[in-house]
K.L.:
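Can you read through this structure? Questions will come right after.
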Amino acid sequence: MPELPEVETTLRGIAPYLQGQTVTGFIVRNPRLRYPVAPELAALVTGATVGALHRRGKYLLLDFNTGHLLIHLGMSGSLRLVLAATPPGNHDHIDLLLASGQALRYTDPRRFGLWLWHEGDPAQHSLIRHLGPEPLGDDFTPQGLWQRSRGKRVAVKSFIMDSQVVVGVGNIYANEALYLAGIHPQRAAGRISLQRYSALHDAIRGVLTSAIAQGGTTLRDFVGGDGKPGYFSQSLSVYGRGGEPCLGCGSKLREVRLGQRTTVYCPQCQR
DNA sequence: ATGCGGACCTGTTAGC
DNA sequence: TGCTAACAGGTCCGCA
């Protein structure tokens with residue numbers, strides 16, 4: 001469910017309810033996530049106060065006065081604020097209880113997400129350290145994309161989905177950005193000009209920015225931190241439209257599998 | 001080093 | 001209608 005815009009939407013939704021709150025308890029109903037939730041996590045966060053919230057790629061970072069909580073929503077995770085007394089559902093694995101009487105509730109059917117405690121500089125965490133630039137930040141540039149791609153034969157779609165190249169470009173937005181930039185997803189990354197990378201760079205920024213503005217893409221059951229659904233799914237040009245006509249030229253959109261991910265493109269508009 | 005496929009899980013959908 | 005297989009928003013790891 002979550003790509004970068006969903007994570008950003010979640011962050012913005014939950015931050016006002018968390019900042020300054022003291023944690024009064026920590027309930028783990030199922031610790032079996034991508035990495036097992038540490039048994040000592042409850043003792044570490046209980047009594048601590050939440051400071052700022054950050055996002056790095058698709059990782060959420062909650063600052064405490066005593067350390068940092070690193071959260072990833074994986075493929076199917078979501079965070080919501082509920083009244084602590086709200087009965088948990090099947091896949092509500094974690095509650096972070098707050099002095100306000102609310103709980104930050106983590107739901108994740110597939111359990112690909114993670115909750116890790118980290119003391120010290122979060123930027124040095126092994127899962128964070130090697131991440132590429134933020135797509136909406138100043139370090140993400142056409143020149144950087146172009147340079148890093150020289151000599152690479154990987155498909156450009158796989159290239160931009162590589163978190164060491166740029167973070168936060170998941171399957172949906174990779175498809176959308178390549179369509180907007182007019183680049184064939186299977187083209188070798190190393191055989192694309194700087195000028196075309198410039199178009200791709202702008203397309204990635206554009207699609208992520210407008211998705212965030214619309215509250216993310218609603219897919220199945222996604223809801224943001226405040227419980228409102230996103231509307232970006234109505235704006236998708238190619239993702240989920242295989243076999244349907246291209247919005248630009250009317251050609252039938254082609255659907256292939258690339259690196260085990262569904263890839264949709266217009267054979268006419270994307271070269 | 002690069003690049004690919006498998007792995008982790010469960011729920012939903014497509015197809016027979 | 002019912003069963004089974006394929007597929008789904010991510011990303012780490014190990015092998016060639």
Side-chain angles (χ1 to χ4, degrees), chain A residues 1-11 29-37 55-60 70-79 89-94 106-116 125-132 135 147-177 185-191 207-208 211-212 214-225 229-236 238-243 255-264:
Chain A
M1 125 189 355
E3 290 216 29
L4 186 142
E6 285 71 31
V7 178
E8 181 66 26
T9 300
T10 296
L11 171 66
R29 300 186 191 83
N30 186 348
R32 304 192 51 190
L33 304 184
R34 189 165 115 207
Y35 306 107
V37 179
R55 178 187 58 73
R56 178 72 177 97
K58 294 173 193 167
Y59 291 91
L60 284 169
L70 190 62
I71 299 175
H72 196 290
L73 303 178
M75 200 92 132
S76 58
S78 61
L79 288 167
N90 245 349
H91 303 293
D92 293 343
H93 306 311
I94 299 176
Y106 177 68
T107 308
D108 188 0
R110 291 177 75 179
R111 292 191 274 118
F112 286 172
L114 61 84
W115 282 58
L116 297 175
H125 191 280
S126 57
L127 293 174
I128 304 283
R129 200 172 11 172
H130 302 292
L131 294 179
Q147 260 166 20
R148 215 161 176 330
S149 64
R150 291 309 88 186
K152 301 229 183 206
R153 281 176 293 189
V154 278
V156 62
K157 178 164 179 260
S158 304
F159 180 69
I160 59 170
M161 289 179 71
D162 180 346
S163 64
Q164 300 204 27
V165 172
V166 56
V167 296
V169 182
N171 195 38
I172 296 178
Y173 300 112
N175 279 300
E176 294 298 311
Q186 289 173 308
R187 176 170 289 276
R191 297 191 54 240
V207 75
L208 291 177
I212 290 169
Q214 293 173 63
T217 301
T218 300
L219 284 159
R220 303 199 170 92
D221 56 351
F222 179 78
V223 285
Y231 291 97
F232 193 70
S233 56
Q234 296 165 20
S235 312
L236 297 174
V238 287
Y239 184 83
R241 297 194 60 243
E255 188 166 308
V256 297
R257 277 189 87 73
L258 203 164
Q260 288 128 276
R261 311 306 293 274
T262 295
T263 302
V264 190

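All chains are named by letter (A, B, ...) in the order of the sequence lines, taking the proteins before the strands, and each is independently numbered beginning at 1. Given the structure is predicted, the values throughout are model-derived calculations rather than measurements.
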K.L.:
Using the salt bridge (charged side-chain N to carboxylate O under 4.0 Å, His left out) criterion, which residues pair with A:Arg191? Sequence neighbours excluded.
P.N.:
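If we apply the salt bridge (charged side-chain N to carboxylate O under 4.0 Å, His left out) test to A:Arg191, skipping adjacent residues, there are no hits.
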K.L.:
Please work out if A:Phe159 contacts a base, only the sugar-phosphate, or nothing of the nucleic acid, heavy-atom cut-off 4.0 Å.
P.N.:
nothing
K.L.:
Whether A:Arg261 contacts C:dT11 is assessed here as follows: a side-chain N or O lying under 4.0 Å from the phosphate OP1 or OP2. Is that the case?
P.N.:
no
K.L.:
How far does the P atom of C:dA6 sit from the matching atom of B:dA7, given to the nearest Å?
P.N.:
15 Å
K.L.:
Just the rounded figure in Å: distance from P of B:dT2 to CD of A:Gln164.
P.N.:
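Whole-Å distance recorded here is 10 Å.
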K.L.:
Given atom CE of A:Met161 and atom C1' of C:dC12, what is their separation to the nearest angstrom?
P.N.:
14 Å
K.L.:
Holding to salt bridge (charged side-chain N to carboxylate O under 4.0 Å, His left out), I want the full list of residues that pass it with A:Arg55, two or more places apart in sequence or in another chain.
P.N.:
A:Glu8, A:Glu134
K.L.:
Separation of A:Ile128 atom CD1 from C:dT11 atom C1', in whole Å?
P.N.:
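Going from A:Ile128 (CD1) to C:dT11 (C1'), I get 13 Å.
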K.L.:
When every nucleotide of nucleotides 3-9 of chain B is labelled 5' to 3' by its protein contacts under 4.0 Å (heavy atoms), B for base, S for sugar-phosphate only, - for none, what sequence of letters results?
P.N.:
SSBB-BB
K.L.:
Kindly write out the residues that satisfy side-chain contact (heavy atoms from CB on, under 4.5 Å) with A:Val166, not counting sequence neighbours, or none if the list is empty.
P.N.:
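With neighbours one apart ignored, the set is A:Pro135, A:Phe140, A:Val169.
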K.L.:
Expressed as a whole number of angstroms, how long is the span from A:Leu60:CG to C:dG10:P?
P.N.:
14 Å
K.L.:
Taking OP1 and OP2 of B:dT10, is either one under 4.0 Å from a side-chain nitrogen or oxygen of A:His91?
P.N.:
no
K.L.:
Consider the side chain of A:Leu127, meaning its heavy atoms from C-beta on, and name the nucleotide among C:dC12, C:dG10, C:dC7 that approaches it most closely.
P.N.:
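For the A:Leu127 side chain, the nearest candidate turns out to be C:dC12.
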K.L.:
Using salt bridge (charged side-chain N to carboxylate O under 4.0 Å, His left out) as the criterion, list what pairs up with A:Arg111, not counting sequence neighbours.
P.N.:
none
K.L.:
Could you tell me how far apart A:His130 (NE2) and C:dG10 (P) are, to the nearest whole angstrom?
P.N.:
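After rounding, the reported distance stands at 21 Å.
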K.L.:
Without decimals, in angstroms, what is the distance between A:Ile172 CD1 and C:dC7 P?
P.N.:
17 Å
K.L.:
Taking only the P atom of each, what is the distance from C:dT11 to B:dA1 in whole angstrom?
P.N.:
23 Å
K.L.:
Judged by atom type as modelled, is there a donor-acceptor pair below 3.5 Å linking the side chain of A:Arg34 to the main-chain atoms of A:Leu114?
P.N.:
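Checking the backbone N and O of A:Leu114 against the side chain of A:Arg34, no donor-acceptor pair under 3.5 Å is found.
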K.L.:
With Watson-Crick and G-U wobble geometry limited to distances under 3.5 Å, how should the secondary structure of DNA chain B be encoded in dot-bracket form, using | for bases paired to another strand and [ ] for crossing pairs?
P.N.:
.|||||||.|||||||
K.L.:
Under 4.0 Å from OP1 or OP2 of C:dC12: is there any side-chain N or O of A:Tyr59 that close?
P.N.:
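Checking A:Tyr59 against C:dC12: at least one side-chain N or O falls below 4.0 Å of OP1 or OP2.
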K.L.:
The criterion is ring-ring contact (aromatic ring centres under 6.0 Å, His included); which residues satisfy it with A:His72, sequence neighbours excluded?
P.N.:
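Here the qualifying residues are A:Tyr59.
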K.L.:
If the condition is ring-ring contact (aromatic ring centres under 6.0 Å, His included), which residues does A:His91 pass it with, not counting sequence neighbours?
P.N.:
none
K.L.:
Would you check, one step at a time, whether the test side-chain hydrogen bond (donor to acceptor under 3.5 Å, both in side chains) holds for A:Ser235 with A:Gln214?
P.N.:
CA-CA 9 Å; A:Ser235 312; A:Gln214 293 173 63; 3.1 Å; yes
K.L.:
In whole Å, what is the span from the CH2 atom of A:Trp115 to the P atom of C:dG10?
P.N.:
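Computing the A:Trp115:CH2 to C:dG10:P distance gives 20 Å.
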K.L.:
Kindly write out the residues that satisfy ring-ring contact (aromatic ring centres under 6.0 Å, His included) with A:Tyr106, not counting sequence neighbours, or none if the list is empty.
P.N.:
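Listed in chain order: A:Trp115.
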